[in-house]
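Here is the structure we will look at.
Just the heavy atoms: all of them, side chains too, but no hydrogens, waters or symmetry mates, feed the values below. Lettering follows sequence order; numbering is per chain, from 1.
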Amino acid sequence: MWKRFQSMQAQGACATPCWRVAYAPAAPRFAPSKEKPMRASRMNLATLREDPADAEIASHRLLVRAGFIAKSGSGLYLYGPLMHRSLDKARRVIAEEISRTGALEITMPILQEQALWERSGRWATYQASRTMLTVKDRGDMVFGLAPTAEEVVTDYASQVVSSYRQLPVCFFQQHTKFRDEIRPRFGLMRVKEFIMMDAYSFHDSEASLGETYESMRVAYLRAFTRLGLEAFAVEADTGAIGGSGSHEFMVAAAVGEDAIIFQNESGYGANVERASGRIPAAPAWAGAPAASTLVHTPGVGSIADVMAFLNANGFAGVTAQHGLKCVLFAAKTAAAEHLVAAFVRGDRDVNEVKFTNTVTRLLGEAGPVLTLRPMHPDEVRACTGAEPGYAGPGAGLKVAFAVVDSQLKGVGPLVAGANRTDHHLVGFVLERDAQVPLQWDDIVRTVAGDACPRSGKPLNEKRGIEVGHIFKLGTKYSAAMKAEYMDKDGSRRPFIMGCYGIGSSRVVAAAVEQHHDADGIVWPLSLAPYQVVVVPAGKPGDAAIEQAAQGLYRDLQAAGIEVILDDRDAKPGVKFKDWDLIGIPLRIVAGKAIAQAQVEFKPRGGAVELVPVAEAAARATAWVRDGLARLAAAADAVR
RNA sequence: CGGGGCGUAGCGCAGUUUGGUAGCGCGUCUGACUGGGGGUCAGAAGGUCGCAGGUUCAAAUCCUGUCGCCCCGACCA
């Protein structure tokens with residue numbers, strides 16, 4: 001049946017298709033026509049009156065309710081006809097802006113050989129963190145399903161780029177990507193399969209990489225601006241991709257999965273995984289012991305309990321800010337597991353991303369750290385000789401590295417765990433009393449209120465959705481994979497590389513997150529599946545209304561506007577609800593005012609205005625063109 | 001991977017405690033009315049109650065197993 005349906009469509013043989021019996025559509029209100037089928041009665045609109053039970057956030061809820069997407073499995077979505085159009089628009093704008101930098105569009109395979117990934121050394125990393133889905137062919141050959149394509153494109157570059165004269169060059173694609181998500185959630189935000197634009201640039205100098213990196217930054221902001229998204233760049237950790245520097249592009253949203261630390265005046269912005277800030281000094285601790293003193297602190301393991309106990313037992317004035325928090329981790333590398341300790345001020349938390357990077361650096365050749373986990377209680381006992389809760393950098397701590405947050409340098413005295421159950425060392429001075437070698441590094445989690453590293457002013461925190469990421473990779477992949485070019489002086493050198501990604505499908509969801517109201521989606525013009533909907537509202541058979549509506553529909557189509565005619569035999573209220581939910585930017589209603597030769601203009605989220613029928617098509621066309629032009633102008637203003 | 005919750009009609013849910021003929025709202029279909037914010041009336045279709053075992057005269061309901069989905073966590077001892 002389906003095949004037959006397709007072949008009939010292909011032959012264009014269907015004024016009254018026979019399958020209509022099986023898939024009976026809503027009866028069209030007007031006589032059938034040969035016009036392009038942008039008639040609501042033929043669009044298979046599938047709006048839901050109620051929210052889907054499993055949708056939590058606005059974009060998920062509304063995209064499902066309005067019929068843009070349908071769940072196919074956990075973390076797997078089918079893009080319906082409306083979503084297909086909106087996604088296509090996002091992809092086009094992104095492709096245009098990336099192409100504008102001179103990048104060349106290509107298509108890479110989704111199946112990637114394990115052997116290729118082993119050449120870069122990344123197979124182990126991705127297996128350890130289990131972020132890559134794999135499949136086997138009949139000969140038990142293992143393939144990864146593309147999470148990104150550094151290996152593939154680096155291999156390609158080594159085949160097709162041989163001379164410095166060909167550099168710089170940048171390749172990009174927009175293709176399906178896969179992640180073995182631990183827990184897919186939030187609709188399109190965190191899924192197993194999605195569409196991503198990924199670009200890779202090749203250079204013969206850091207300066208050249210810097211230029212492309214900058215032009216990508218601008219291209220990203222231009223693309224997001226054209227798509228009506230308010231996005232901004234922040235400093236980011238390089239994560240599993242690796243490299244020397246990177247920025248993430250964030251869309252501010254309360255439901256965002258990333259925390260961003262920022263300071264408006266200085267322009268500082270960073271993902272909390274990377275952010276630094278100066279911690280306000282602790283209040284003076286009057287009456288601190290002059291020497292490290294062992295104090296019996298029965299049954300109090302947590303910082304808060306220890307301080308409360310000390311306050312009540314002869315140490316007034318000591319607070320959590322005078323505590324030395326010790327967090328014990330097991331850091332796993334490809335070859336081994338290393339037990340490590342992280343120390344931060346008592347009222348603060350360890351930033352595990354920064355700490356992981358520190359341990360990786362300390363391990364050198366023995367690294368990198370693939371995963372970091374808190375020690376189990378048994379491991380804690382083995383490391384400290386005490387129950388959990390009493391670890392400190394004094395005698396008895398057995399770890400590979402004891403890393404102390406740099407901001408504790410010269411700070412003290414402190415209260416530290418004594419590596420003995422029910423005991424703490426009060427009046428502990430790190431530089432004087434530590435019995436293990438200390439490594440100093442920035443490992444503390446920055447919070448709102450800390451001082452901005454640029455301006456010293458207080459930092460703020462908000463949440464964001466990551467829609468794009470740019471990296472300076474350097475020679476990490478090209479060196480490992482021996483991807484080299486011939487330089488001016490005749491020597492062979494590995495490419496200096498950059499890589500750049502935009503979550504095309506996530507961008508669409510982020511746009512809904514940023515643009516919706518109680519009635520539904522409010523699409524930016526550039527992302528709306530259709531630009532205008534013409535709604536005849538009145539009794540069927542009202543010739544004046546129907547003629548006006550059909551005339552407008554034809555005129556707008558002729559003008560190249562993406563217009564829908566709502567020819568369904570439904571009450572006006574139903575139609576209005578549907579288009580509000582779907583989020584069409586401009587609604588034109590031919591109804592009551594037709595007696596005065598007027599129609600209603602209503603931008604989504606705006607007010608109704610009466611417009612003479614004779615001018616309506618021209619007005620609507622201008623409205624759409626102006627709206628798009630405004631977005632384009634905003635993009636041109638990006639610096 | 002740990003904890004919690006849920007699988008009953010296309011969607012949203014009740015019924016499970018206390019076993020006894022499968023229910024409600026929305027949607028869908030037919031007809032009539034209605035025609036500016038998900039309207040009204042009449043009629044109809046649609047479910048092997050996730051799946052597999054078991055207990056029982058009798059299982060959506062009790063027991064065992066299994067699959068799937070959702071939420072929280074995977075964190076400072």
(Q) Only pairs with both distances under 3.5 Å count, Watson-Crick or wobble alike; so what is the partner of B:rG46 in this structure? (A) none
Q) How would you label the contact of A:Arg65 with the nucleic acid (heavy atoms, under 4.0 Å): base, sugar-phosphate, or nothing? A) base
Q.
Nearest to the A:Ala53 side chain among B:rC76, B:rC13, B:rG36, which nucleotide is it?
A. B:rC13
Q) Which part of the nucleic acid, if any, lies within contact of A:Glu379, taking any heavy atom under 4.0 Å across all strands shown: a base, the sugar-phosphate backbone alone, or nothing? A) nothing
Q) Is the phosphate of B:rC72, meaning OP1 or OP2, less than 4.0 Å from a side-chain N or O of A:Arg183? A) yes
Q: Looking at every strand, decide which applies to A:Arg381 at a 4.0 Å heavy-atom threshold: base, sugar-phosphate, or nothing.
A: nothing
Q: Check each of A:Asn351, A:Asn357, A:Asn271 against A:Asp237 using the side chain to side chain donor-acceptor pair (under 3.5 Å) test, and report the only one that passes.
A: A:Asn357
Q | Sugar-phosphate only, base, or nothing, as touched by A:Leu581 at under 4.0 Å among non-hydrogen atoms | A | base
Q) Nearest of B:rA77, B:rU34, B:rG37 to any side-chain atom of A:Phe576? A) B:rG37
Q.
Distance check, P atoms only: B:rU48 and B:rC1, in whole angstrom units.
A. 32 Å
Q: Write down the distance between CG (A:Asn419) and C1' (B:rA77), rounded to a whole number of angstrom.
A: 13 Å
Q: Mind calculating the distance between CE (A:Met307) and C1' (B:rA77) to the nearest angstrom?
A: 15 Å
Q: Can you measure from CD (A:Glu181) to CZ (A:Arg179) and round to the nearest 0.5 angstrom?
A: 7.5 Å
Q: Answer with base, sugar-phosphate or nothing: what part of the nucleic acid does A:Val589 contact at a heavy-atom distance below 4.0 Å?
A: base
(Q) Under 3.5 Å, is there any donor-acceptor pair linking the side chain of A:Arg185 to the base of B:rG73? (A) no
Q. Counting side-chain heavy atoms from CB outward, which of B:rG37, B:rC69, B:rC11 is closest to A:Lys71?
A. B:rC69
**Q.** Assigned partner base of B:rG7, Watson-Crick or wobble definition, under 3.5 Å
**A.** B:rC67
Q. When the distance from CZ of A:Phe186 to C1' of B:rC71 is rounded to whole Å, what number comes out?
A. 10 Å
Q: Return yes if the base of B:rG7 and the side-chain atoms of A:Asp54 contain a donor-acceptor N/O pair under 3.5 Å, otherwise no.
A: no
Q. Are the ring centres of A:Trp523 and A:Tyr530 closer than 6.0 Å?
A. no
Q. What is the nucleic acid contact for A:Val380, judged by heavy atoms within less than 4.0 Å: base, sugar-phosphate only, or nothing?
A. nothing
(Q) Does B:rG35 have its OP1 or OP2 closer than 4.0 Å to a side-chain nitrogen or oxygen of A:Lys571? (A) no
Q: Counting Watson-Crick and G-U wobble pairs only, both distances under 3.5 Å, name the nucleotide matched with B:rA60, or none.
A: none
(Q) Does a side-chain N or O of A:Arg348 approach OP1 or OP2 of B:rC76 to a distance below 4.0 Å, or not? (A) no
Q) Are more than 12 heavy atoms from other residues, nucleotides or ligands located less than 6.0 Å from atom NZ of A:Lys332? A) no
Q. From the list B:rG37, B:rC76, B:rG36, which nucleotide is the closest neighbour of the side chain of A:Lys602?
A. B:rG37
Q: Assess whether one donor atom and one acceptor atom, taken from the side chain of A:Glu50 and the base of B:rG27, lie less than 3.5 Å apart.
A: no
Q. Any side-chain N or O of A:Ser74 under 4.0 Å from OP1/OP2 of B:rC70?
A. yes
Q: Could you check whether A:Glu387 gets within reach of a base, just the sugar-phosphate, or nothing at all, counting any heavy atom under 4.0 Å?
A: nothing
**Q.** Side chain of A:Asp349 - closest among B:rG35, B:rA77, B:rC76
**A.** B:rC76
Q) Is the NZ or CZ atom of A:Arg587 both under 6.0 Å from the centre of the six-membered ring of A:Phe576 and within 45° of that ring's axis? A) yes
Q.
Is it the case that B:rG37 (base atoms only) and A:Asp580 (side chain only) share a donor and an acceptor within less than 3.5 Å, ignoring hydrogens and angles?
A. yes
Q.
Whether A:Arg420 engages the ring of A:Tyr390 as a cation-pi pair (distance to the six-membered ring centre under 6.0 angstrom, angle to the ring normal within 45°) should be assessed.
A. no
Q | Which nucleotide in B:rG37, B:rA77, B:rC13 has an atom nearest any side-chain atom of A:Leu328 | A | B:rA77
Q | Paired nucleotide for B:rC1 [Watson-Crick or G-U wobble; both distances under 3.5 Å] | A | B:rG73
